[in-house]
Amino acid sequence: MDKQIYVADIAAEEGKQVTLRGWLYGKRSGGKLHFLQVRDGTGVIQAVVSKKDVPPEAFAAAEGAHQESSLEVSGTIVKDTRSALGFEMHVSDLRLLQGEAGYPIQPKEHGIGFLMEQRHLWLRSARQRAILSVRHSLIKNIRDYFDERGFTLVDSPILTPTACEGTSTLFEVPYFDLGKAYLTQSGQLYGEAAAMAVGKAYVFGPTFRAEKSKTRRHLTEFWMVEPEVAFMDLEGDMALAEDFLVEIVGRTLAKHRHELTTVLERDVTALERVQKPFPRITYTEAVEAIQKAGHPITWGDDFGGDEETVLCKQYDRPVMVHRYPTDLKAFYFKRDPNDPKVALGVDVLAPEGFGEIIGGGQREDDYATLASRIDEQKLPREAFNWYLDLRKYGSVPHSGFGLGVERTLGWICGLPHVRESIPFPRLMERLTP
RNA sequence: UCCUCGAUAGCUCAGCUGGCAGAGCAACGGACUGUUAAUCCGUGGGUCCCUGGUUCGAACCCAGGUCGAGGAGCCA
């Protein structure tokens with residue numbers, strides 16, 4: 001095949017004769033004129049097929065082309081103000097590659113259930129392409145952020161022998177003669193081991209939760225990025241989370257302002273407000289604020305969706321809630337030495353009701369305390385021997401957090417449901433396509 | 001797991017008090033030289049989610065089930 005020319009680079013081809021390959025996104029036809037909207041993955045260009053300019057078989061091919069047929073069009077690129085792109089192609093020849101009639105997705109309204117069934121095709125539509133593109137950038141910006149600051153990416157296993165927490169939310173798989181393995185819920189414990197090796201580590205991978213959750217914020221398979229830093233306390237952790245969010249949101253917005261504003265119709269002023277400092281309140285203060293807003297909640301309760309929303313509405317940027325009751329947090333959280341009732345954890349809640357996007361905190365670094373926490377929660381001690389070793393051979397204060405990629409992307413793109421933020425979402429009641 | 005709503009053409013839906021299965025869009029055929037969800041004319045297209053019940057007669061009423069959507073709980 002010739003050197004591939006892409007729609008994204010079409011301005012450089014003005015006046016030239018080129019060949020584009022792609023798919024027929026839409027078509028409007030006249031008697032001796034067809035307007036083909038050709039997309040190639042980088043953009044959409046209108047290809048004008050005039051009967052007098054092309055061989056008869058090419059004109060017939062244009063006539064018979066169906067939505068999403070693959071094709072190859074050759075012609076001259078000309079400037080045209082009537083086109084959204086600014087350019088169009090005057091076609092001199094056209095070859096239909098493949099494509100049957102009956103492409104199921106129309107540029108009209110569809111129900112979400114139908115679209116989810118057609119997810120493999122739905123990805124081709126403008127909105128989904130925009131989301132894929134923003135997702136790609138967000139992930140790149142996350143990796144760049146850590147790379148630029150001396151973090152080392154350390155991959156954690158997906159098959160694990162035990163749970164971080166309760167077993168009810170684990171996916172179980174058979175594992176040879178060793179019995180059962182589980183799909184990871186978090187790479188954090190391994191991230192801690194990594195931080196003791198490289199100082200600043202981050203884990204980035206898919207995680208799995210068998211939660212029977214049917215909400216706009218839950219997937220059973222989602223991606224999480226988890227930095228973990230040696231010699232960092234909770235204050236440092238919050239500063240890192242804040243700086244990290246400001247950077248990744250800022251960079252992603254800078255690159256995709258146009259798509260966010262036009263294709264996704266996102267009000268980006270809300271994203272522009274993501275600047276330091278984020279408000280920092282303790283769990284106790286949050287409870288008081290929620291009570292003051294008229295919601296019944298008592299100290300010791302976890303926040304539900306309603307409580308989160310009430311709290312977030314009081315701020316115009318992400319809010320950091322720290323020092324949750326110890327009982328609400330996992331065994332590995334360090335307790336506040338000034339108040340053992342609370343743990344040195346922090347959650348970051350995104351504004352506009354997008355909910356918790358970060359959870360993290362300072363880890364327990366004392367061997368005996370951690371061992372007794374494991375016993376208290378009736379976790380199998382032998383499974384955590386390796387984790388306890390980290391407190392035996394050069395234990396240091398350390399902290400980290402986990403950021404949910406899909407929730408963050410859903411927030412940036414303004415998506416009503418996280419299912420659109422991942423190419424092939426896995427939900428409690430959906431495993432296909 | 002619980003609550004609410006829904007399932008009728010490829011899609012989005014209407015179908016009144018139980019009495020012949022409908023519309024728009026899409027598809028297909030035709031007309032049209034500047035269309036932007038083009039327009040105009042025509043054609044084809046149904047397991048009314050499934051099973052059972054009530055009835056002279058069920059898309060419609062009843063029971064059970066399946067699937068989908070929204071919400072709750074759950075959820076670092």
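In what follows, chains are A, B, ... by sequence order, proteins preceding strands, each numbered from 1.
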Just checking H218(A): base, sugar-phosphate only, or nothing, at a heavy-atom cut-off of under 4.0 Å? base
Establish, yes or no, whether the cationic atom of R129(A) lies under 6.0 Å from the six-membered ring centre of Y25(A) and within 45° of the ring axis. yes
If you take atom types as modelled and just measure distance, does the side chain of Q106(A) reach the base of rU12(B) with a donor-acceptor pair under 3.5 Å? no
Which part of the nucleic acid, if any, lies within contact of K214(A), taking any heavy atom under 4.0 Å across all strands shown: a base, the sugar-phosphate backbone alone, or nothing? base
Going by the angle between their ring planes, with limits at 30° and 60°, are Y202(A) and F204(A) parallel, tilted or perpendicular? tilted
Could you tell me how far apart L328(A) (CG) and rC74(B) (P) are, to the nearest whole angstrom? 11 Å
Determine the interatomic distance between P on rA7(B) and the same-named atom on rU36(B); round to the nearest Å. 35 Å
Would you kindly give the CD-to-C1' distance between E117(A) and rU12(B), to the nearest whole Å? 16 Å
In whole Å, what separates the P atom of rC20(B) from that of rC16(B)? 11 Å
Taking atom C1' of rU33(B) as reference, at what distance in whole Å does atom NE2 of H34(A) sit? 11 Å
For E192(A) and H398(A), does a side-chain donor sit closer than 3.5 Å to a side-chain acceptor? yes
If you take atom types as modelled and just measure distance, does the side chain of S213(A) reach the base of rC74(B) with a donor-acceptor pair under 3.5 Å? yes
What's the gap between rC48(B) and rA59(B) when it is taken at their P atoms, as a whole Å value? 8 Å
Just to be sure I understand the rule, does G111(A) reach a base, reach only the sugar-phosphate, or reach nothing, if contact means heavy atoms closer than 4.0 Å? sugar-phosphate
Say you draw a straight line from CD of Q377(A) to OG of S372(A); how long is it, rounded to the nearest 0.5 Å? 10.0 Å
If you pin Q46(A) and E429(A) to their nearest nucleotides in RNA chain B, which one's is more 5'? Q46(A)
Return the value, rounded to whole Å, for the distance between atom CG of L24(A) and atom C1' of rU35(B). 14 Å
F278(A) ring centre to R280(A) NZ or CZ under 6.0 Å, with the angle to the axis within 45°? no
For rG42(B) and rG24(B), measure between their P atoms and round to the nearest Å. 11 Å
So what does S83(A) touch, heavy atoms closer than 4.0 Å: a base, only the sugar-phosphate, or nothing? nothing
Would you indicate what E88(A) reaches in the nucleic acid, counting non-hydrogen atoms under 4.0 angstrom: base, sugar-phosphate, or nothing? base
Atom CD of E307(A) and atom P of rA72(B): how far apart are they, to the nearest Å? 11 Å
Using a cut-off of 4.0 Å on non-hydrogen atoms, how would the nucleic acid contact of R217(A) be classed: base, sugar-phosphate, or nothing? nothing
Interatomic distance at C1', rG46(B) relative to rA9(B), whole Å: 6 Å
Look at H66(A) and rC28(B) and indicate whether a side-chain polar atom (N or O) is within less than 4.0 Å of OP1 or OP2. yes
When D306(A) and K51(A) are each assigned the nearest nucleotide of RNA chain B, the 5'-most assignment goes to K51(A)
Using a cut-off of less than 4.0 Å, is there contact between a side-chain N or O of K212(A) and OP1 or OP2 of rU1(B)? yes
Among the candidates rU1(B), rA27(B), rA69(B), find the nucleotide nearest to the side-chain atoms of I112(A). rA69(B)
Closest to side chain of S50(A), choosing from rG34(B), rC75(B), rU33(B): rU33(B)
To the nearest angstrom, how far is L431(A) atom CG from rG68(B) atom P? 12 Å
Considering only atom P, compute the distance from rC56(B) to rU51(B) and round it to an integer number of Å. 23 Å
Rounded to the nearest 0.5 Å, what separation is found between the CD1 atom of I357(A) and the CG atom of D347(A)? 10.5 Å
N or O in side chain of R419(A) less than 4.0 angstrom from rG70(B) OP1/OP2: yes
Looking at R28(A), I'd like to know whether one of its side-chain N or O atoms comes within less than 4.0 Å of OP1 or OP2 on rA38(B). yes
Suppose you measure atom P in rG10(B) against the same atom in rG44(B); what distance do you get, rounded to whole Å? 16 Å
To the nearest angstrom, how far is E100(A) atom CD from rA26(B) atom C1'? 16 Å
So CD1 of I142(A) and OG1 of T408(A): to nearest 0.5 Å the spacing works out to 6.5 Å
Using a 3.5 Å limit on both pairing distances, list the dot-bracket string of RNA chain B from the 5' end; Watson-Crick and G-U wobble pairs count, crossing pairs take [ ], interstrand pairs take |. (((((((..((((.....[..)))).(((((.......))))).....(((((..]....))))))))))))....
Min side-chain heavy-atom separation E226(A)-L403(A) under 4.5 Å: no
Using a 4.0 Å heavy-atom cut-off, does G30(A) contact any base of the nucleic acid, only the sugar-phosphate backbone, or nothing at all? base
Separation of atom CD in Q37(A) from atom P in rU35(B), rounded to whole Å: 13 Å
S29(A) and H34(A): side-chain donor and acceptor closer than 3.5 Å? yes
Identify whether any heavy atom of F35(A) sits under 4.0 Å from a base atom; if not, whether one sits that close to sugar-phosphate; answer base, sugar-phosphate or nothing. base
Which part of the nucleic acid does D302(A) contact within heavy-atom distance under 4.0 Å: base, sugar-phosphate only, or nothing? nothing
Could you tell me how far rA37(B) sits from rC49(B) if I compare only their P atoms? Round to whole Å. 34 Å
Please verify the inter-ring angle class for Y324(A) with Y283(A); under 30° counts as parallel, over 60° as perpendicular, anything in between as tilted. tilted
